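Only one structure is covered here, and it is reproduced in the block below.
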Amino acid sequence: MRSLSSFFYRYQRLSLLLLLALPLLWLGVIYLGSLSALLAQSFFSLDGFTGQVVKEFTLSTYTQLFSPANLDVIGRTVTMALVVTLASIIVAFPLAYTMARAASPALRSLLYLLVLMPLWSSYVVRVYAWKLILAKEGVLNWFLSKLHLSWLSDGLLGLPVIGGPSLSLSFIGTFLVFLYIWLPYMILPIAAGLERIPKSLLEASSDLGGKPALSFWRVTFPLVLPGIVAGSIFTFSLTLGDYIIPGVVGNSQPFIGQVVLIQQGTAGNIPLAAAFTVVPMVIMALYLSLARKLGAFEAL
Amino acid sequence: MTNSSVRFENVNRHFGGIKAVDKVSFDVKEAEFFTFLGPSGSGKTTCLRLIAGFEQADKGQIFISDKLVNSIPPYDRDVHTVFQDYALFPHMTVLDNVAYGLMIKKIPKPQRHKQAEQALEMVRLTGLGNRRPAQLSGGQRQRVALARALVGRPKILLLDEPLGALDLKLREQMQVELKELQTQVGITFIYVTHDQEEALSMSDRIAVFNHGKIEQLDHPRVIYEQPKTSFVAGFVGTSNLIEGQLAQKLSGQTSPFTIRPERIRLTQEIDTAPQTIKVAGTVHDIIYLGMYTRSHIQLDDGPLMTVHSQNLDSNSSSPKFHKGDRVNLSWAAEHMHHLEP
Amino acid sequence: MKDRISWPLGLATIAVLLFLHIPFLLILLYAFNTEEAAFTFPPPGLTTKWFAEAWRRQDLWAAISLSSRVAIIATLVAIILGTLAALALSRSKFFGRDSLSLIIILPIALPGIITGIALRSAFSLLGLKYSFWTIVLGHATFCIVLVFNNAVARLRRTSPSLIEASLDLGASSLQTFRHVVLPNLATALVTGGMLAFALSFDEVIVTTFTAGQQQTVPIWLLNQLTRPRDRPVTNVVAVFILLVTLLPILISTYLTRNLDDLSRTGK
């Protein structure tokens, strides 16, 4: 044993490689291998007559991807991801601020736990909960009618595009569930970012005559920006790829994830499904390289 | 002639383009209290880590007890270290920490616990064996670290600024204890510090480091009284450096010289004693420091001089001189120390 | 010094907390609902009979068994691979280190659907049949990062001089790992492992692509979402999954008493 140890001590590079061998093999071969297989599939095409995948290089699947109907799907998904991200920044801020700045240690721990619980609890169950909430006879409508606010939800549902016959069959419903599910991913990095701002910095700003609003935009916001970007990586990426939430709550207009599911499943068009997954990958790659420049990775 | 304990021969250690240790050679004798003194980044800690085996020399040879150890890993060297942050294992009790090296050597439990308890007794921590390191004060942790390093009876003990985290009173007490301990166990201590007082008070010999090189290696008294370079003169104690024309005018030699502040007399009248050097100046400021008074005197045609005068007269409530006063400085010629050009 | 909370901020904080937690209370409430066919609020009456009915369902027990076995194996794989990667990446800087951390994070940073369809297309290219092991393969892949993140955070907080001290006292690299590194990592590995178990037990998106016809508990629940048949039993199952996924976070909070590690773990 001891001589083996000395051997590794002398050849540190080699022992490093041995440590890394298993994880590298697993992630490199299984995961990256699968991803490249997927990427490769997007350059194949589906034979319309036989329904078989033709394993020859072609860009025809990508031409298909950019058809108006598919662009519509992509546009809808990206818009939803953007709106969900923006909304979660706004909703996350007060709680994150309280967590980071205003709380005693005990309260701070409690608040962290209260944010971590929804983050870690079951995703499917949380989506299911919203089915209960948004149902016509469910709790939200009951609450609104008790408050005599039914006119508000009726008015919102009457709006074009985002409206619909009921909350659970409209984009408003889809948006609410997305916001609920991904919100903790935004709260935590913002809180972490806020905690890193020295209190003295804000005091210095107000000492120098900065009004609270001005201190916020000039001092707090730029310093929290990496945290916001880190959070938005999650909210944006997760919304782009989700197919369960719009399937459970929403009108029948599909999102990217749903199209991928249908194309690879019932339609059997794996090349088109693969091409569709390239869209969120490219968007996220662009976003990540931008985020890297803004220093968001230190906030993760 | 005593035997060699640690010997460096032209040892180099580079980090990227930085020469952390630059062609360093020295020879530590057995049972010597040897100190590496220098500012941070001077290479003293890297030298210590080279002895422990945490760093590998790029060039040169390192000997421990006359055996070449360049490629021997730390766990096969008969050298133990007291770390700056003590590096006590947080998941073990104090006793298990101290007995760790013995456990590795597969010494049976009752025996190793007995030895560990003896070691704790030696550092005056009897009865604290069942505590966790987190439950101890800084001074106690430092003693545990000492006991852990000494219990295996190494030939050499390395100490990396072990007193740095302690407050002044405790530090002074520990300096005395460390020196006593070293005499008691009779092994080589190699001690790293940036504190010149610590180095002067404990060491048999001191190596003063600067920019990866040893500027001077000698006994404490020689380091202080006869610094070889202006860096040593300035780093060990305070010193006035006089160079150029003024040096020649005052000493008759072209090489620069240093004069310690406490060797200078300040008087109103010109000192007439023979064999004294005399120069005039104006008081720049005066700081009362209890035991002595520090004055800065601007020489008429030279640098700002620091003078330390002992406060022998307990009745005088006001200083002898004031800012702006004309004064004469004088010192015995023997106190001037010429630097290597 | 912390500043005091102004009342609009306090109000907004409470509102967001309610938004996050009321759905849980509703799930709990509906499990006791006497109403069978609809989600009427408030429930007309309360009963515990659905728990007994759920207990008798064979299909549910099969799903629970499958989910548990998958989660245990995936967690074990994740602990081994995640620890190895953390040890390698935390102790030295080497070429390609950043790309390696990226590969570890990628399976949860990319939408699950990408991981899922990638694995499915790889299986079909290789002619692999869906089985217990295809599910494990997917789950272990995205669970590695949970163990990895917890272990790396712990190793970073562990002073490097601890390892040097052990080597210095005569312990070889392997002895140092056993007596110093591993005991220091233990709670981080338990935490990471429990989180991995919870995530695997709950995961549905990747599983959809790697399970074939097999039913895990969340897939059973998902099917009820789109084709509801047994609403009352579904409500009970929802409470059950909620508990299985919440317990690890509560236990690990107690274990580590350091929520910062967990919050940086990103699910």
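So you know, we letter chains A, B, ... as the sequences are listed, proteins then strands, and number each from 1. Keep in mind it's a predicted model, so treat the numbers as computed, not measured. Quick note: numbers below take in every heavy atom, side chains included, and nothing from hydrogens, waters or symmetry partners.
Taking 4.5 Å as the limit, some side-chain heavy atom of A:L35 sits within range of a side-chain heavy atom of C:L106. Residues C:Q175 and C:S166 have side chains not in contact (no heavy-atom distance under 4.5 Å, counting atoms from C-beta outward). Annotation: side chain of A:K131 is not in contact with side chain of A:S168 (no heavy-atom distance under 4.5 Å).
Contact of A:A135 with chain C is made through the side chain alone, with heavy-atom distances under 4.5 Å. C:L11 does not touch chain A: none of its heavy atoms, backbone or side chain, sits under 4.5 Å away. Residue A:L25: no heavy atom, backbone or side chain, is found under 4.5 Å from chain C. If you measure heavy-atom distances from A:L183 to chain C, the contacts under 4.5 Å come from the side chain alone. C:I144 touches chain A through its side chain: at least one heavy atom from C-beta onward sits under 4.5 Å away, while N, CA, C and O do not. Contact of C:V237 with chain A is not made at all, since no heavy-atom distance falls under 4.5 Å. Only the side chain of A:L32 has a heavy atom closer than 4.5 Å to any heavy atom of chain C. For a residue to count as touching a neighbouring chain, one of its non-hydrogen atoms must lie under 4.5 Å from one of that chain's; by this rule A:V124 touches chain C with backbone and side chain alike. For a residue to count as touching a neighbouring chain, one of its non-hydrogen atoms must lie under 4.5 Å from one of that chain's; by this rule C:F209 touches chain A with the side chain only. For chain A, the nearby parts of C:F19 are the backbone and the side chain; heavy atoms of each come within less than 4.5 Å. For a residue to count as touching a neighbouring chain, one of its non-hydrogen atoms must lie under 4.5 Å from one of that chain's; by this rule C:L20 touches chain A with backbone and side chain alike. Contacts of A:Y243 with chain C are made by side-chain atoms alone, with heavy-atom separations under 4.5 Å and no backbone atom involved. With a 4.5 angstrom heavy-atom cutoff, A:L22 touches chain C via backbone and side-chain atoms both.
Between A:Y287 and A:S232, the side chains place a donor N or O and an acceptor N or O closer than 3.5 Å (distance only, hydrogens not considered). Counting only N and O atoms by type, the side chains of A:W182 and A:T239 include a donor and acceptor under 3.5 Å apart.
For the options A:L179, A:L27, A:V260, A:T277, heavy-atom pairs under 4.5 Å to chain C are most numerous at A:L27. Ranked by non-hydrogen atom pairs under 4.5 Å with chain C, the options A:L24, A:L114, A:V248 are led by A:L114. Heavy-atom pairs under 4.5 Å with chain A peak, among C:L243, C:L126, C:V239, C:L17, at C:L17. Chosen from C:L225, C:L26, C:I241, the residue pairing most often with chain A at heavy-atom distances under 4.5 Å is C:L225. Contacts with chain A were tallied for C:I104, C:L246, C:L250, C:I22; C:L246 has the most, counting heavy-atom pairs under 4.5 Å. Of all the listed residues (C:T83, C:V77, C:N235, C:I14), the one sharing the greatest number of non-hydrogen pairs under 4.5 Å with chain A is C:N235. With respect to chain C, the highest number of heavy-atom pairs below 4.5 Å among A:S237, A:A37, A:G33, A:A21 belongs to A:S237. Taking C:V244, C:L242, C:T141, C:T176 one by one and counting their heavy-atom pairs under 4.5 Å with chain A, the maximum is reached by C:T141. Your options are C:A85, C:P107, C:A238, C:A140, and the one with the most heavy-atom pairs under 4.5 Å with chain A is C:P107.
To the nearest 0.5 angstrom, C:T208 atom OG1 is 12.0 Å from C:I117 atom CD1. Atom CG of A:L176 is separated from atom CD1 of A:I133 by 9.5 Å, given to the nearest 0.5 angstrom.
Contact record, C:S121 with C:A118: OG-O, 3.0 Å, taken as the closest heavy-atom pair. Between A:L194 and A:A100, the shortest heavy-atom distance links the atoms CB-CB, 3.5 Å.
Checking A:Y123, A:F255, A:W130 one by one against A:I245, the side-chain contact (heavy atoms from CB on, under 4.5 Å) holds for a single residue, A:Y123. Here the options are A:V127, A:I244, A:V177, the test is side-chain contact (heavy atoms from CB on, under 4.5 Å), and the partner is A:V249; only A:V177 passes.
Partners of C:L247 according to the side chain to side chain contact (heavy atoms under 4.5 Å, CB included) rule, which considers only residues two or more places apart in sequence or in another chain, do not exist here. Under the rule for a side chain to side chain contact (heavy atoms under 4.5 Å, CB included), the partners of A:V115 that lie at least two apart in sequence or sit in another chain are A:L95, A:M99, A:P184, A:I187, A:L188.
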